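Just so you know, residue 1 is the first one in the sequence shown, and it goes up from there. Indexing begins at 1, ligand by ligand and atom by atom, following the structure's order. Nothing here was measured: the structure is a model prediction, and the numbers come from that model.
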Amino acid sequence: MKFLHLGDLHLGRSLNDISLLADQADILNKIKNIALEEEADAVLIAGDVYDRSIPSEEAVRLLDRFLTELADNHITVILISGNHDSDERLNFGSSLLRARGIHIVSIYDGTVPCVTLEDQYGPVHFYCLPFVKASRVRYFHPELDTDTYDAAIRSAISVSSVNPEERNVILSHQFVVSGSKDPVSAGSENTAAEQVGTIEKVDVSAYEAFDYVALGHIHSPQLAGRDTARYSGSPLKYSLSEIGHEKSVPVITMKEKGNIDIELKKLTPLHEMRHIKGPLAKLTDPANITDADDYIYATLTDEEIIPDAISILRNDYPNIMKLNYQNSHTAAIENFDFSKITAKTSFADLMRDFYAQVIGGEPSEEEWQILREAAGEAGVEDEAG
Ligand SMILES: [Mn+2]
């Protein structure tokens, strides 16, 4: 049995107002080619198929084409929903699609549905646990422990009668930790990890019964505590924080029970995402411009702010996404010692300090006027200085 593990496709996503549809069409095509070259039996998609609950027409078309091509090549697809997907919309047509080998499990109904495929070693069971909240598990299983997120996921899994003698795989879209070790979050799940991470965590030991754990939710490819429990990661970089990461798709070969081989196939995007840094003159010198169509994050080291520098850079780098500065002013802000601020310092002294350290000088009379007004509105008492 050979299968590909995907997750966090986020079809329809754009990044800094640049549509990534062409990049997504390209990467899905490359993934399909890997599936064909490897003669894979199945492709697993571990949630966040779409970027939003109401996907764009183009995004729907991308998924439609991808699933059709896999089905036409007799590759089974097993797909669960993630927190970005709409359960009901993704579920549309799922009963009909099942006959073509496309298995969509997007609604948690108290069970963990299982798709079973056969090879010469016997059955392989693919259990499907879409993204689910603890309250939803509690609704279906009031008798089970759902006090913590970890307990809820264990309870959800416990109702499926996993046969430990046979080969078992689970698809799960959750924030999975290993002991006290959190996954390296990157990109769009940063916020999710920080906000819900502390409560909506599940330890990887909850998945002990499974020979392979196909996880979605975290965009940076990584293991979750063991070699056979991993996040495939998103197929493309969906955030500037992922610059320098490498994307891949795990190809899993299962022979008899206990014999698993995992190979990571590198994914090369249509446009690379890069960080460039230097004075504007250097960055726009034709001698220094390569792969101009890449997605660019530029840091200018010029001492003075250059009006509309992003438009100037865009002439050379049409896909520039972000611009910031790094110079003596930004260094002053970074090095500013906030511990020096004490409650005893007056508002006027604080402002004088701030101007001296960050801008270099005293506030003008007009600026004082604005500062006093702001202080008054904020309820600072000694705003008169
Ligand atoms: Mn995601």
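Residues Glu200 and Lys133 are not paired through a salt bridge, judged by the lack of any N-O separation under 4.0 Å between the basic side chain and the carboxylate. At a threshold of 4.0 Å, the pair Asp285-Lys282 does not count as salt-bridged, since none of the basic side-chain nitrogens sits closer than that to a carboxylate oxygen. Using a 4.0 Å cut-off between charged side-chain N and carboxylate O, Lys257 and Asp211 make a salt bridge. Taking the charged nitrogens against the carboxylate oxygens, Arg100 and Asp72 do have a contact shorter than 4.0 Å, which makes a salt bridge.
The nearest N/O/S atom of Asp48 to the Mn ion (ligand 1) is OD2. The Mn ion (ligand 1) is closest to atom OD1 of Asp8 (considering only N, O or S atoms).
At least one N, O or S atom of His10, from either the backbone or the side chain, sits less than 2.8 Å from the Mn ion (ligand 1). Coordination check, His84 versus the Mn ion (ligand 1): failed, since every N/O/S atom of the residue sits at 2.8 Å or beyond.
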